[in-house]
Amino acid sequence: MAQKKTKKILITGAVGQIGSELTTELRKKYGNDNVIATGRKTQPSDTLLNSGPFEFIDITKRETVEKIIDQYDIDTIYNMSAILSVVGEQKPMICWDVNINGLYNILEIAREKEMTRIFVPSSIAAFGPETPRENTPQETVLKPKTMYGVTKVAGELLSDYYCKRFNLDVRGVRYPGIISSETLPGGGTTDYAVAIFYEAIKNKKYTCFVKKDTVLPMMYMPDCLKATLDVMEADFSKLKHHCDFNLASMSFSVGELTAEIQKHIPEFKCDYKPDFRQAIADSWPKSIDDSAARKEWGWKPSYNLQTMTKDMIEKLGERLQKVTL
Ligand code: AKB
């Protein structure tokens with residue numbers, strides 16, 4: 001009987017918030033040497049460096065990607081490199097270059113080398129002010145007002161095109177804001193939902209850049225990793241969607257998050273100084289209908305505001321204590 005070939009996985013953006021924990025998870029599942037972590041210039045953590053191969057590439061420079069793909073005989077890619085919403089507004093051309101020209105390079109290489117499967121993340125940023133904000137449907141208006149959102153819609157369409165036109169198995173989900181304790185997010189609008197925990201533990205106070213009643217969809221990292229792995233394992237014949245699955249877990253206002261943190265850190269105080277990021281938050285949904293993901297590949301989140309907050313404070317508390325010792 002022919003032996004099943006071991007997956008050889010490349011992760012771009014492996015130094016980022018999701019990429020770093022995704023690398024650890026995939027290394028646990030597929031073996032350290034079968035998961036090649038890559039980044040553009042940020043120095044990787046010791047955990048990332050010591051647990052398996054790490055290489056520097058730039059997805060906007062096709063030859064740097066192709067070299068590593070050939071060197072390690074890669075057949076699966078998780079394209080986690082991205083410029084997020086806030087930096088995307090400051091540097092729109094770079095945002096387009098990384099999120100679209102970079103993605104195009106990844107898809108083209110994958111098509112030419114007949115790769116097995118590609119993961120391309122999208123985001124709630126694909127929606128805009130004309131989209132219904134409560135229980136946002138799977139099929140709806142996609143008219144984002146940020147460059148990041150524009151690249152996410154274009155990225156979904158481009159990936160779906162490769163799927164249909166070239167039979168390349170590309171899959172993706174629309175991530176909400178992701179909350180995690182390992183690697184800080186950088187350059188996003190939902191970053192306040194992580195920063196608030198660091199400041200609550202370290203300084204017992206936080207000044208938030210969006211208003212107290214701002215509600216956005218969020219997700220805790222263990223659920224984010226589960227969704228990413230599960231959609232990539234899903235039976236292709238059961239999928240009606242491919243690169244644009246709505247994904248939900250929890251939705252809360254900053255005021256509600258503050259009250260939940262105060263159950264564990266009663267002295268914690270949050271005040272508010274909304275800036276230009278408020279307008280981005282206001283253009284995104286408050287809650288998401290993820291019934292397509294539930295139906296097509298059995299998506300079901302495990303964490304809510306209460307369980308996420310408790311776990312975040314425990315994990316981050318331990319980590320920050322180690323850093324200051
Ligand atoms: C951002 O805030 O830009 C990201 C996202 C929601 O995709 N976290």
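In listed order, ligands and their atoms are each counted from 1. All values below come from the heavy atoms of this structure, side chains included, with hydrogens, waters and symmetry mates left out. We're numbering straight along the sequence, starting at 1.
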Under 4.0 Å between a Lys/Arg side-chain N and an Asp/Glu carboxylate O for D169 and R117?
yes

Short N-O contact, R277 and D275, less than 4.0 angstrom
yes

Quick check on contacts: which atoms of ligand 1 are under 4.0 angstrom from a heavy atom of T189?
1 (C), 2 (O), 3 (O)

Can you list the ligand 1 atoms lying under 4.0 Å from a non-hydrogen atom of W284?
1 (C), 2 (O), 3 (O), 6 (C)

What protein heavy atom is closest to atom 3 (O) of ligand 1, reported as residue, atom name and distance in Å?
S85 OG, 2.6 Å

Do the charged groups of K67 and E63 touch, with an N to O distance under 4.0 Å?
no

Atom 7 (O) of ligand 1: which of S123, A193, A82 has the nearest heavy atom?
S123

I'd like to check whether Y148 has a polar contact with ligand 1, where a contact means an N/O of the residue lying under 3.5 Å from an N/O of the ligand.
yes

Counting only heavy atoms closer than 4.0 Å, does ligand 1 sit against the backbone of A125, its side chain, both, or neither?
neither

Tell me which protein heavy atom sits closest to atom 8 (N) of ligand 1, plus the residue, atom name and distance to 0.1 Å.
T190 OG1, 2.9 Å

Distance col, row M308:CE vs S249:OG, nearest 0.5 angstrom, shows 8.5 Å

I'd like to know if K226 pairs up with D230 as an ion pair, taking the criterion as any Lys NZ or Arg NE/NH1/NH2 lying under 4.0 Å from an Asp or Glu carboxylate oxygen.
no

Is K315 reaching over with its side chain to a backbone N or O of S180, donor-acceptor style, under 3.5 angstrom?
no

Under 4.0 Å from a heavy atom of L84: give me the atoms of ligand 1 that qualify, with their elements.
3 (O)

